[in-house]
Peer 1: 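Before anything else, here's the structure in question.
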Amino acid sequence: MHQRQAKVRRNDISAIARSYDRVALVLQGGGALGAYQAGVYQALAEAGCEPNWISGVSIGAINSAIIAGNRPEKRLQNLETFWSTISGRKIWAYTPEGDLFRDLRNQASSLMTLLFGQPGFFQPRLPNPWFHPSGANGATSFYESSILKNTLEDLVDFELLNDGSKRFSVGAVNVRTGNFVYFDTEKQRIEPEHIMASGALPPALPSVKIEGEYYWDGGIVSNTPLQYLLEQDENQSSLVFQVDLFSARGNLPRSMSDVLTRQKEIMYSSRTRQNTDAFARAHNLKMRLVSALKRLPPEALKPGEKEFIAECSNAAAINIVHLIYQHKNYEGHARDYEFSGTSMREHWDSGYEDTLRTLRHPEWLERSNITRGVAVHDLHREDPT
């Protein structure tokens, strides 16, 4: 879709990535904004920075599955097929220049999504769920998503996805217990239903049944898999590209549309700083405890303390590169379900360009710059030019 040469030194980025035990791509939920993540992956692939663990929630789970479930030569092709399919509906033949006209076109596009769903993704439930009796199949969602299963089966090789060449995980919420769970190829076989469950946002989409339990979109509890990744295999050094579609930082609302937009941003932003600060505090406390225990004579250590010292001494550093979609002035609160082809291409280009700008700072990726056990680099905070 976007044929460009990445203006970064491929060999340098690839060598830095290989110095880590784990290179992870972590994709947040955000509906139509998910094309941004496809642009991020394109730039990483062109730079030779291939992740060996891909994890997502909601639309991030779908993008993750297409990347992990295809050979390198087909990943971008199938990402493009998916986004071209769901964004293929024509809105207007021509949109005049200017934010006002673009805003009107986007409003028309989001209205069409509400009325007609999206090709290859979801379609309206007829009759409306309010007219179904309690307990009926159609009583709990406004749209049905069975067509998404066909799309996933067409675009994802589930044998490849589960063969262990890459780790893959997606987050969902158990409807009955309210517990957040991860479906992980290291623990189970992943099927289309697991990915659909991660993106089953109520009340729009129905819960998905897996082994007798029903699951909803993981974004209800946590819109990013970062915390899950930080809790796994602490002895592995990790370079993590976290791709968020909602920013926790924003302007004070000045209209009701602004209020709805800001509410959604705060609700679905990933809290990356909160998670990484908590991880750093825990890491520092462990290091202080290990330092204190090492000053004791070996015979004074209690059972398990020697093992604790060894475990913490092997804890590896985490380097997080945080990429966050920056919305345009004409994008309102409906931007996560505004699926026009024009917006999709803009989102894809933004992800690609933000990642290129980030990779022009290879020093951010170096392990030698990590302190406190974790480092976080944010393009829009550290390099505003």
Side-chain angles (χ1 to χ4, degrees), residues 2 4-28 36-56 60 63-64 67-68 71-73 75-76 79 164-169 224-226 228-230 232-244 270 272-273 275-276 279-280 283 313-325 350-385:
H2 308 277
R4 303 175 184 163
Q5 290 298 317
K7 296 179 181 178
V8 297
R9 297 180 63 177
R10 178 186 175 98
N11 291 340
D12 289 352
I13 301 300
S14 181
I16 292 171
R18 288 196 302 271
S19 72
Y20 287 86
D21 299 319
R22 179 169 62 190
V23 178
L25 181 61
V26 177
L27 305 180
Q28 189 193 59
Y36 179 86
Q37 299 168 341
V40 170
Y41 174 73
Q42 179 184 0
L44 291 177
E46 289 178 358
C49 188
E50 281 287 349
N52 52 30
W53 186 353
I54 307 175
S55 186
N63 283 330
S64 295
I67 295 168
R71 302 289 178 190
E73 65 275 10
R75 289 171 190 156
L76 284 171
L79 280 171
S165 56
K166 287 183 184 292
R167 187 170 181 177
F168 172 79
S169 55
T224 179
L226 179 63
Y228 179 70
L229 182 141
L230 293 176
Q232 310 296 312
D233 304 322
E234 291 188 22
N235 63 337
Q236 289 194 335
S237 60
S238 300
L239 173 61
V240 182
F241 291 91
Q242 161 129 346
V243 188
D244 289 353
S270 68
T272 293
R273 293 285 172 174
N275 287 335
T276 53
F279 179 86
H283 178 83
S313 299
N314 290 330
I318 308 288
N319 193 359
I320 299 173
V321 178
H322 197 189
L323 292 146
I324 310 173
Y325 175 67
S350 293
Y352 183 86
E353 290 159 3
D354 283 354
T355 307
L356 287 189
R357 288 172 57 205
T358 296
L359 295 178
R360 291 190 193 111
H361 296 271
E363 69 277 7
W364 291 355
L365 311 184
E366 294 282 0
R367 291 176 62 179
S368 59
N369 289 338
I370 302 174
T371 59
R372 300 174 64 224
V374 62
V376 181
H377 300 285
D378 182 338
L379 169 72
H380 296 285
R381 288 192 183 188
E382 302 192 39
D383 181 36
T385 58

Peer 1: Taking all atoms of both residues into account, what is the closest heavy-atom pair of Ala47 and Ile13, and its distance?
Peer 2: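 Taking Ala47 first and Ile13 second, the nearest heavy atoms are O-CB, 3.9 Å.
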Peer 1: Is there side-chain contact between Arg22 and Asn52, with heavy atoms separated by less than 4.5 Å?
Peer 2: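 Yes, their side chains come closer than 4.5 Å.
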Peer 1: Which atom pair, heavy atoms only, marks the closest approach of Ala17 to Cys49?
Peer 2: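 In terms of heavy atoms, the two residues are closest at CB-SG, 3.8 Å.
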Peer 1: For Ile324 versus Asp354, what's the shortest heavy-atom pair and its separation?
Peer 2: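 Result for this residue pair: O-OD2, 4.1 Å.
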Peer 1: May I ask you to test the Thr358-His377 pair for a side-chain heavy-atom distance under 4.5 Å?
Peer 2: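 The answer is no, as the side chains (C-beta and beyond) never meet within the 4.5 Å cut-off.
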Peer 1: Any non-hydrogen side-chain atom of Glu50 less than 4.5 Å from a side-chain atom of Val23?
Peer 2: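 Counting from C-beta outward, Glu50 and Val23 never come under 4.5 Å.
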Peer 1: Thr224: what forms a side chain to side chain donor-acceptor pair (under 3.5 Å) with it, not counting sequence neighbours?
Peer 2: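 Applying side chain to side chain donor-acceptor pair (under 3.5 Å) to Thr224 gives Gln242.
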Peer 1: Are Ser64 and Leu25 packed together at the side-chain level, in the sense that at least one heavy-atom pair is separated by less than 4.5 angstrom?
Peer 2: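 Result no, sub-4.5 Å side-chain heavy-atom pair not found.
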Peer 1: Working to the nearest 0.5 Å, report the span between CG of Leu359 and CG of Leu44.
Peer 2: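 CG of Leu44 is found 6.0 Å from CG of Leu359.
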Peer 1: How close do Ala68 and Phe168 get, heavy atom to heavy atom, and via which atoms?
Peer 2: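 Scanning both residues completely, I find the closest heavy atoms to be CB-CD1, 3.9 Å.
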Peer 1: Return the set of residues passing ring pair (Phe, Tyr, Trp, His ring centres under 6.0 Å) with Phe241 (not counting sequence neighbours), or none when no residue passes.
Peer 2: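 Once residues adjacent in sequence are excluded, Phe241 has no partner under the ring pair (Phe, Tyr, Trp, His ring centres under 6.0 Å) criterion.
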Peer 1: Looking at Asn63 and Ala38, would you say the former's side chain and the latter's main chain have a donor-acceptor pair under 3.5 Å?
Peer 2: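 No, Asn63 side chain to Ala38 backbone: no donor-acceptor pair under 3.5 Å.
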Peer 1: Please evaluate residues Tyr41 and Leu76 with respect to the criterion side-chain contact (heavy atoms from CB on, under 4.5 Å), reporting the C-alpha separation (whole Å), side-chain torsions for both, the decisive distance (0.1 Å), and the verdict.
Peer 2: CA-CA 8 Å; Tyr41 174 73; Leu76 284 171; 4.0 Å; yes
Peer 1: For the residue pair Tyr325 and Tyr36, categorise the inter-ring angle as parallel (less than 30°), tilted (30 to 60°) or perpendicular (more than 60°).
Peer 2: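 Perpendicular.
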